[in-house]
There are 2 protein chains.
Amino acid sequence: MSLSHVLLGMLNKPASGYELKQYFEQSVRHFWYAELSQIYPALAKLEKEGMLSSKKTASDKGPSKKVYTRTSSGKKELQEWLAAGPVLRTERIAYLTQLFFLDEISNAKRISFMEELRDDFAARHKELKSAETNWAAQDPGFPDQLPDTGLVKHMTLRSGLLKYAVMVEWCQECIAF
Amino acid sequence: MSLSHVLLGMLNKPASGYELKQYFEQSVRHFWYAELSQIYPALAKLEKEGMLSSKKTASDKGPSKKVYTRTSSGKKELQEWLAAGPVLRTERIAYLTQLFFLDEISNAKRISFMEELRDDFAARHKELKSAETNWAAQDPGFPDQLPDTGLVKHMTLRSGLLKYAVMVEWCQECIAF
DNA sequence: TTGGACATGTAATGAGTTACATGATTCT
DNA sequence: AGAATCATGTAACTCATTACATGTCCAA
């Protein structure tokens, strides 16, 4: 239901598959993941469906690339997806599932599991914090004078900061217990 | 990588596919989802691999059912999965992805999107809260005298309560802005 | 007797992962 | 010359969703 929509969202500006993968890693990566081997066929399919158009373009570094542009039909599809409201309760959170069954392993292993989890949440929090710092340094309008585009990015960023902060505390509480 | 492990975890006590689906809806549903049409073949595969054994058993209500039991090999597989540490950064959270691109729709639509999101978080919080209340009513040992099994369930429940509470507040903040 | 919960599956399709394959360009 | 990065893909496989198909047992 979804990589296509993510790509349509990212193709706000024309880009090649390789570039899209890089943007992925810097932003959407925190809540969506895709391999290049999934991205290329997805782009081809979107083009076949008329949501994107492409043209070969010389690259500044490396071989020539296939740059995709979102068509009006692609934009419409994206807007319909968004206007239909949030896609809810489809998340699959492996670590919570594991935690739910964690009584199947020893107490020592449970603790190191929770420590690893805490460390990862802390790392994610730190990543977001530094993204925020960089943004603030580069953009004088941050965080109060943002355009719509920046506003929703900021909201997304903030949800991560709040969530990971709570989750780190929660892990500490679990470990302490 | 995973429905199999979830099933192995739930087969702590023998159960049929139909029963497992019901347990799913009551517990794991908050962080994992599976259709019956996915569960049945997964159980069959686990049996073929020697992780489960099954036998046909009469039901109190309805036709006879196929009750699966976890074998020692199945238990070992589960423990290895858990001992390998948390499966991290594989979550795909559709609503955050949508939010990230939400500047593509009108302000009015953005607000109703956030309201719907907030209402769902609030509903999830309420579901967990009532699960906690029921548990407390039925179990005199709740929450301080829990066995390992109950302890990890409580930890999981608590993570959801904390997370959804923060997310509701965050939505409010977004809407107010 | 009919509707609902109980019970188990298959088939077709779509989405995602892992492994493989190829080649251009740039930097050292 | 060799390594790193840039660039695009295919193939085989696994996992997940949607639609279909079938049938039992019980209560109203």
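We name chains A, B, ... by the order of the sequence lines, and we start the count at 1 in each one.
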*Asks:* Could you check which of dT18(D), dT8(C), dG9(D) has an atom nearest any side-chain atom of E35(B)?
*Replies:*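 Nearest nucleotide to the side chain: dT18(D).
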*Asks:* Please identify each residue that fulfils ring-ring contact (aromatic ring centres under 6.0 Å, His included) with F142(B), with sequence neighbours left out.
*Replies:*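 So F142(B) forms a ring-ring contact (aromatic ring centres under 6.0 Å, His included) with W135(B), H154(B).
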*Asks:* Whether R92(B) contacts dC15(D) is assessed here as follows: a side-chain N or O lying under 4.0 Å from the phosphate OP1 or OP2. Is that the case?
*Replies:*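 No, outside the criterion.
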*Asks:* Between dG16(C) atom C1' and L3(B) atom CG, what is the distance in whole Å?
*Replies:*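 In whole Å, dG16(C) C1' lies 15 Å from L3(B) CG.
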*Asks:* My understanding is that only residues two or more places apart in sequence, or in another chain, count here; which of them pass side chain to side chain donor-acceptor pair (under 3.5 Å) with Q138(B)?
*Replies:*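 So Q138(B) forms no side chain to side chain donor-acceptor pair (under 3.5 Å) with any residue.
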*Asks:* Quickly work out the Y68(B) OH to dG9(C) C1' distance and round it to whole Å.
*Replies:*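 Atom-to-atom, Y68(B) to dG9(C), this comes out as 10 Å.
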*Asks:* For R89(A), check side chain to side chain donor-acceptor pair (under 3.5 Å) against everything at least two apart and list the hits.
*Replies:*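 So R89(A) forms a side chain to side chain donor-acceptor pair (under 3.5 Å) with D120(B), E127(B).
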*Asks:* Does any pair with a residue in residues 24-33 of chain B pass salt bridge (charged side-chain N to carboxylate O under 4.0 Å, His left out), and if so which ones, sequence neighbours excluded?
*Replies:*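 Listed by first then second residue: K21(B)-E25(B), E25(B)-R29(B).
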*Asks:* What does the B/S/- profile of nucleotides 20-28 of chain D look like, 5' to 3', with a 4.0 Å heavy-atom cutoff to protein?
*Replies:* ---BBS-S-
*Asks:* For DNA chain C, what residues of residues 36-52 of chain A have any heavy atom nearer than 4.0 Å?
*Replies:*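 S37(A), Q38(A), K45(A), in order of number.
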*Asks:* Evaluate the side-chain proximity of L43(A) to L11(A): yes if any heavy-atom separation is below 4.5 Å, no if none is.
*Replies:*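 With C-beta onward as the side chain, the pair touches.
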*Asks:* Using side chain to side chain donor-acceptor pair (under 3.5 Å) as the criterion, list what pairs up with E115(B), not counting sequence neighbours.
*Replies:*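 If we apply the side chain to side chain donor-acceptor pair (under 3.5 Å) test to E115(B), skipping adjacent residues, there are no hits.
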*Asks:* Among all residues two or more places apart in sequence or in another chain, which pass the side chain to side chain donor-acceptor pair (under 3.5 Å) test with N107(A)?
*Replies:*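 Side chain to side chain donor-acceptor pair (under 3.5 Å) list for N107(A), sorted by chain: R110(A).
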*Asks:* Test of understanding: with ring-ring contact (aromatic ring centres under 6.0 Å, His included), list the residues that count as partners of F31(A), not counting sequence neighbours.
*Replies:*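 Testing F31(A) for ring-ring contact (aromatic ring centres under 6.0 Å, His included), a comparison that skips the adjacent residues, returns F100(B).
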*Asks:* Listed by chain and number, what are the ring-ring contact (aromatic ring centres under 6.0 Å, His included) partners of Y95(B), not counting sequence neighbours?
*Replies:*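 Residues passing ring-ring contact (aromatic ring centres under 6.0 Å, His included) with Y95(B): F121(B).
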*Asks:* Figure out the NZ/C1' separation between K55(A) and dT8(D), and round it to whole Å.
*Replies:*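 Computing the K55(A):NZ to dT8(D):C1' distance gives 19 Å.
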*Asks:* Is there a residue in residues 18-27 of chain B whose heavy atoms reach under 4.0 Å of DNA chain C, and which residues are they?
*Replies:*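 By residue number: Y18(B), Q22(B).
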*Asks:* Going by the side-chain hydrogen bond (donor to acceptor under 3.5 Å, both in side chains) test, which pairs reach into residues 160-170 of chain A, not counting sequence neighbours?
*Replies:*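 Listed by first then second residue: R124(A)-Y164(A).
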